[in-house]
Amino acid sequence: MPDFYAPKGVPDYVPPVSRQFAAARNGLIAAAERAGYQPIELPVFEDTGLFARGVGESTDVVSKEMYTFADRGGRSVTLRPEGTAGVMRAVIEHGLDRGALPVKLVYAGPFFRYERPQAGRYRQLQQVGIEAIGLDDPALDAEVIAVADEGFRSLGLSGFRLDITSLGDANCRPAYREKLQAFLAALPLDEATRERAEVNPLRVLDDKRPEVQALVADAPLMADHLCAECSEHFESVIAGLDALGVAHVRNPRLVRGLDYYTKTTFEFVHPGLGAQSGIGGGGRYDGLMAQLGGQSLSGIGFGIGVDRTVLAAKAEGVELATGGRVDVYGVPMGAEAKAVLVGVAGKLRAAGIRVDLAYGSRALKTAMKSADASGARVALVLGDRELAAGEVVVKDMVAGDQQTVTLDAVVESVRGLLQG
RNA sequence: GUGGGCGUAGCUCAGCUGGUAGAGCACUGGCUUGUGGUGCCGGUGGUCGCGGGUUCGAGUCCCGUCGCUCACCCCA
């Protein structure tokens, strides 16, 4: 038994799953970069106040799920539970909002929430997120959503659904909220649900319990109470998605867990995650930057759960990391041959070819099994005969045939096989 | 924070009503004195999570404890 274990709720990704994880993360980042989003690297912990004010005191994330502690200087810091607040802080701090708008950024990394772990829900979760800051152009909303959609599809996923709605803004939401609260107050709800109705009445509409769903079936919906501006904005977003060919479902009961969302909100849901369903989500946050002390600029973004994306791929039977871990595998017979192959490996790597070889001193047959297991297309076999002649056997592991070439011709020979 | 399930070889697991541990995969040697993907034979590897109790005897029963896991809640 090991002396130490990973902290509760924190997943380790070891080969081969780690390759799938990396492929998912890199694929999602690449989708953002194709739309012009630039990388931003931020600290994983911030001043506790940033999240309390940015994410919202009333949210579950802030009220009971934060990893908060005092550092040695007595400052209260918190491991970031989400990405947007930190991005806003950095944008303000570095004056990125004073240049050309929108500011388009992409980030990836770990986030932390102190929850009871279960399938698809971890205390350390990995996200890829983007933010487009400074404009409330609905075409930007559509782009952000399309980046996520295209990111998932580029990985080979197709079994997800996009839910979308508008949460209104400071003009129309307060009046709707009162109306909804009045409606909920008349229902026979349990005490915990009543409290939620006070703090965040929208959340009640999203209750999973069938009996509650029945009660709120006739509840007033934000979608029917949008002001003219929000309504127009939302329809433009929908039109943009249609133009981009992004399939979507209007879900007026969609709710997000963070306070800062306004207008457009969306969530990508997938059935393969156990009790969880969201693989990514986001929305517009037009009041957040001002809330954090910056100028009054709008923004929109998403966060995609990389852990959940990997689970979704597994559920769909999608192979995220295809191909072998190397292109070429060296099989030396004897110490002298190994020394030569090490040199050959160096040349091949310098030529951009991925190479591994059988280290230690293993039987030829075992080394060949390793070559096979590595997924290499080509094996290089070097024994005493070739050593004496200054040659090496180049074997095509798929076709099964092989030829002997001089050491000088190895790179060219291998390249030919890999391209063929 | 509240419940359920489970902890036996590196991995996936078997082990019925208690008699001091097994399979497959993986790793490794050989069959084939220099060649993988399918075959055959052998080998390495386990204080049965930990502690206590019942018993002549506990992986197997009882209690406790730690851990993992699934679900509620919530969300990525």
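Chain naming here is simple, since letters A, B, ... match the order of the sequence lines and numbering starts at 1 in each. All values derive from a computational prediction rather than experimental measurement.
The listed nucleotides are B/A76, B/C72, B/U28; the one nearest the side chain of A/Leu258 is B/A76. Checking B/U35, B/G37, B/C73 against every side-chain atom of A/Val393, the shortest atom distance belongs to B/U35. For A/Glu65, taking side-chain heavy atoms from C-beta onward, the closest of the listed nucleotides B/C74, B/A76, B/C68 is B/C74. Out of B/G36, B/G34, B/A71, the shortest distance to the side chain of A/Met333 is found at B/G34. Between B/G36, B/C75, B/U28, one nucleotide has an atom nearer to the side chain of A/Met368 than all others, and that is B/G36.
Using a 4.0 Å heavy-atom distance criterion, A/Gln127 is classed as a sugar-phosphate-only contact. Within the nucleic acid shown, A/Arg385 comes within 4.0 Å of at least one base atom, counting heavy atoms only. At the heavy-atom level, A/Lys365 lies under 4.0 Å from base atoms of the strands shown. Counting any heavy atom pair closer than 4.0 Å across all strands shown, A/Ala363 reaches sugar-phosphate atoms only and no base atom. Across all strands, A/Phe111 comes closer than 4.0 Å to no nucleic acid atom at all (heavy-atom distances). Using a 4.0 Å heavy-atom distance criterion, A/Arg256 is classed as a sugar-phosphate-only contact. The residue A/Val398 sits close to a base: some heavy atom pair falls under 4.0 Å. Using a 4.0 Å heavy-atom distance criterion, A/Ile279 is classed as a sugar-phosphate-only contact. Across all strands, A/Gly129 comes closer than 4.0 Å to no nucleic acid atom at all (heavy-atom distances). Residue A/Ala119 is classed as a sugar-phosphate contact, given heavy-atom separations below 4.0 Å to backbone atoms only. In this structure, A/Glu386 reaches the bases: a heavy-atom distance under 4.0 Å links it to at least one base atom across the strands shown.
Taking the six-membered ring for Trp, A/Tyr13 and A/Phe21 have ring centres closer than 6.0 Å.
For B/C75, its base sits under 3.5 Å from the side chain of A/Arg308 at one donor and acceptor pair at least. A donor-acceptor contact under 3.5 angstrom links the side-chain atoms of A/Lys395 to the base of B/G36. Remark: the A/Gln276 side chain and the B/C70 base include no donor-acceptor N/O pair separated by less than 3.5 Å. Remark: the A/Glu115 side chain and the B/A76 base include a donor-acceptor N/O pair separated by less than 3.5 Å. On a pure distance criterion of 3.5 Å, a polar donor-acceptor pair joins the side chain of A/Arg116 and the base of B/U2.
A/Glu319 CD: more than 12 foreign heavy atoms inside a 6.0 Å radius.
The residue among A/Asp372 and A/Arg121 whose nearest nucleotide of RNA chain B lies closer to the 5′ end is A/Asp372.
A cation-pi arrangement is absent between A/Arg123 and A/Tyr67 under the rule of less than 6.0 angstrom and at most 45 degrees off the ring axis.
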